[in-house]
J.: 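Structure below; questions to follow.
Proteins get letters first, then strands, A, B, ... in listed order; numbering begins at 1 in each. Quick caveat: nothing in here was measured; it's all calculated off a predicted structure.
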2 protein chains.
Amino acid sequence: MNAETAEHIRQVATEMGYRTNPLARALPTGKTSLLAIIVADVTNPFFFELLRGADDTATKAGYTLLVADVQESVEAERQALDRVLPMVEGVVLATSRMSDSSIRVAAKQRPTVVLNRSMSDIASVATDNARGMRRAVEHLGALGHTSITYVAGPDASWANGIRWQALREACHELGLRARRIGPFSPTQAGGLSAAGELAATPSTAVIAYNDLLAIGLMRGLQSLGIRIPDDVSIVGFDNIFGADFCTPQLTTVAAPLRQLGAVAVQTLLDDLRGTPRVPRTSPGGPLKTALLPARLVIRASTGPSHPTNDWPNGGRPAADEGDED
Amino acid sequence: MNAETAEHIRQVATEMGYRTNPLARALPTGKTSLLAIIVADVTNPFFFELLRGADDTATKAGYTLLVADVQESVEAERQALDRVLPMVEGVVLATSRMSDSSIRVAAKQRPTVVLNRSMSDIASVATDNARGMRRAVEHLGALGHTSITYVAGPDASWANGIRWQALREACHELGLRARRIGPFSPTQAGGLSAAGELAATPSTAVIAYNDLLAIGLMRGLQSLGIRIPDDVSIVGFDNIFGADFCTPQLTTVAAPLRQLGAVAVQTLLDDLRGTPRVPRTSPGGPLKTALLPARLVIRASTGPSHPTNDWPNGGRPAADEGDED
DNA sequence: TTGAAAGCGCTAACAA
DNA sequence: TTGTTAGCGCTTTCAA
């Protein structure tokens with residue numbers, strides 16, 4: 001048959017409403033054109049732009065993105081993976097709560113990339129937390145603060161560990177003192193309870209694990225009569241939706257949300273094209289680890305340190321407590 | 001074979017890592033255990049809780065939810081549908097921008113539920129906008145306002161039409177005057193531009209199409225030196241994430257977001273179980289139309305009307321003072 | 001270049 | 001009850 005008539009047939013078929021059945025195609029080939037992203041909590045604004053970036057690049061490549069919300073539960077995450085792995089060609093684990101080994105078993109079955117986490121043998125894409133933190137500490141230092149309190153997120157969070165460590169290092173280099181309270185749940189509610197704890201041991205500058213926590217913290221502090229940034233300067237992390245309309249607007253280390261999602265999916269796609277059918281266990285495989293730049297967005301929640309700082313309750317001096325790892 | 005050994009075999013198989021291949025099962029049966037939800041904009045916080053509700057009930061029923069973001073584009077929506085329809089058992093169209101007829105052709109292929117939209121022949125679930133609006137108008141009336149300005153969203157939005165109509169009716173019944181400006185994009189940016197227009201023709205009370213618009217409006221108004229709620233009271237719609245930490249905290253008509261998603265998916269599931277293989281075109285089919293109750297959340301953006309209201313600059317738009325960020 | 005056949009891993013309808 | 005067989009709609013390999 002010549003190419004011309006072939007094209008004609010194709011055209012007529014399309015007109016008649018014929019579509020090739022993706023399921024039937026997928027059965028012999030394994031090509032489902034499906035990618036999955038597992039998120040800890042769809043409700044967390046951290047994921048909004050990230051999902052957009054991921055969906056966007058997946059769609060452009062002819063893939064469909066399957067989003068699974070696991071509600072912060074390791075068990076749900078495992079189930080979602082089990083359910084989804086056999087139908088997708090690859091998966092991105094965004095902020096997984098699972099152990100490294102669990103992630104490896106998944107990666108053995110399908111190309112996998114982890115987001116905001118670092119694993120030696122799995123492709124990963126993350127924000128450059130260390131540099132971001134460094135910028136935040138410099139900013140606070142330049143404003144005259146001499147001591148910084150880190151309001152920690154979940155112990156299980158990889159990012160939390162990295163951020164605290166980076167803060168300590170940066171403080172050390174710049175001659176500032178670092179203190180840590182927590183852990184707190186990375187939510188507004190968590191921030192509210194952090195406010196109580198912080199008020200008991202005042203500080204002129206705090207960096208919170210993330211924006212949600214920072215926003216809750218600000219609300220809690222304000223309801224205790226503490227002014228921001230006059231009494232305390234607050235820095236968040238991620239620059240999520242809402243960071244620009246809370247009061248005061250939040251100074252934060254902006255993660256390249258959209259890009260994070262896009263790069264994660266792109267990494268998966270490269271992998272799919274590059275090493276078809278070859279299990280990722282093969283050493284020397286195309287193992288990318290992308291570190292995307294963060295940027296400090298200075299808004300209204302940070303200001304000069306007031307040495308004669310007076311907290312409403314007379315601010316009991318802060319015993320330097322809990323500087324544990 | 002007796003049941004005992006059968007069970008034993010099953011168990012051993014599982015231990016050996018055998019899983020039934022969902023693709024292979026789906027080919028002859030059509031049962032993919034996949035449901036799709038098409039959202040206009042994953043980035044819009046309106047969808048956060050909604051997605052959670054949807055994903056949650058889908059998962060509990062043994063289904064996997066496929067989320068497609070169509071970025072407010074009708075074209076993208078059509079493509080997403082084309083791509084997704086053949087692999088899923090049903091689809092929920094959340095705030096679709098497509099025409100009724102386009103939706104009908106989709107519904108002919110797979111069970112379909114529309115969200116926040118009403119169609120005579122398609123199952124739908126929506127917020128009871130009319131009653132919600134009524135409550136908002138009563139609230140404003142009780143505060144002494146005599147005239148309400150509606151800041152409209154997109155003309156293409158079904159909800160926008162309903163809300164404006166309900167506002168007019170409620171105002172009429174309560175003897176208030178109703179006015180409308182817009183349409184504006186249902187985003188913070190849209191609210192910012194609405195602020196300029198509103199400042200040119202002051203009003204003591206406004207109800208915005210949605211929270212995003214209301215938040216942008218507040219920010220715009222405040223940057224013009226207008227105080228909220230002293231100079232203007234503002235009511236939003238939806239009670240999205242962030243409505244409780246903008247300044248002032250937003251009074252809003254809360255949509256039952258989580259429930260909306262849950263009910264939409266549940267409707268789909270009922271449909272799948274109830275009328276297997278029967279095309280939905282069959283008249284008299286199980287056509288549910290759920291209207292979920294909204295509730296007025298009174299916060300700080302509404303207050304008593306000040307009859308001798310004096311806007312700065314005599315109500316003419318102030319020079320734009322530049323919005324940082 | 002074109003056509004025929006085998007089979008992907010399951011389910012369901014049929015015989016035995 | 002148990003075992004067998006014929007597809008689901010495609011891709012791919014192998015003959016012609």
J.: Answer yes when A:K31 and A:E89 have at least one side-chain N-carboxylate O distance shorter than 4.0 Å, and no when they do not.
T.: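 Salt bridge flag = yes for A:E89 with A:K31.
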
J.: In terms of side-chain heavy atoms of A:L27, which of C:dC10, C:dG9, D:dC10 is nearest?
T.: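 Minimum distance to the A:L27 side chain belongs to C:dG9.
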
J.: If you only use heavy atoms from C-beta on, which nucleotide in C:dA12, C:dG7, D:dT12 is closest to the side chain of A:T29?
T.: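 Ranking C:dA12, C:dG7, D:dT12 by closest atom to the A:T29 side chain puts D:dT12 first.
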
J.: Any sub-3.5 Å donor-acceptor pair from A:R52's side-chain atoms to A:R258's backbone N or O?
T.: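 Between the backbone of A:R258 and the side chain of A:R52 there is no qualifying donor-acceptor contact (under 3.5 Å).
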
J.: Out of D:dT12, C:dG7, C:dG9, which nucleotide sits closest to the side chain of B:N21?
T.: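 Shortest atom-to-atom distance from the side chain points to C:dG9.
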
J.: In whole Å, what is the span from the NZ atom of B:K31 to the P atom of C:dA12?
T.: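 Distance check: B:K31 NZ to C:dA12 P gives 12 Å.
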
J.: Could A:E72 and A:R97 be called an ion pair, given the rule that one side-chain N must be under 4.0 Å from one carboxylate O?
T.: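 Looking at A:R97 together with A:E72, the answer is yes, because their closest N to O distance falls below 4.0 Å.
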
J.: Between D:dC10, C:dC10, D:dC8, which one does the side chain of B:A24 approach most closely?
T.: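 The listed nucleotide nearest to B:A24's side chain is C:dC10.
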
J.: In plain terms, say whether A:K60 and A:D56 are close enough for a salt bridge, that is, a side-chain N and a carboxylate O under 4.0 Å apart.
T.: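 Answer for the salt bridge query: yes.
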
J.: Roughly, in whole Å, what's the span from CZ in A:R10 to C1' in D:dC10?
T.: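 Going from A:R10 (CZ) to D:dC10 (C1'), I get 15 Å.
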
J.: When the distance from CE of A:M87 to C1' of C:dC10 is rounded to whole Å, what number comes out?
T.: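 For the pair A:M87 CE and C:dC10 C1', the rounded distance is 14 Å.
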
J.: Just how far, in rounded Å, is P of C:dG7 from CG of B:L23?
T.: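 In whole Å, C:dG7 P and B:L23 CG are 20 Å from each other.
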
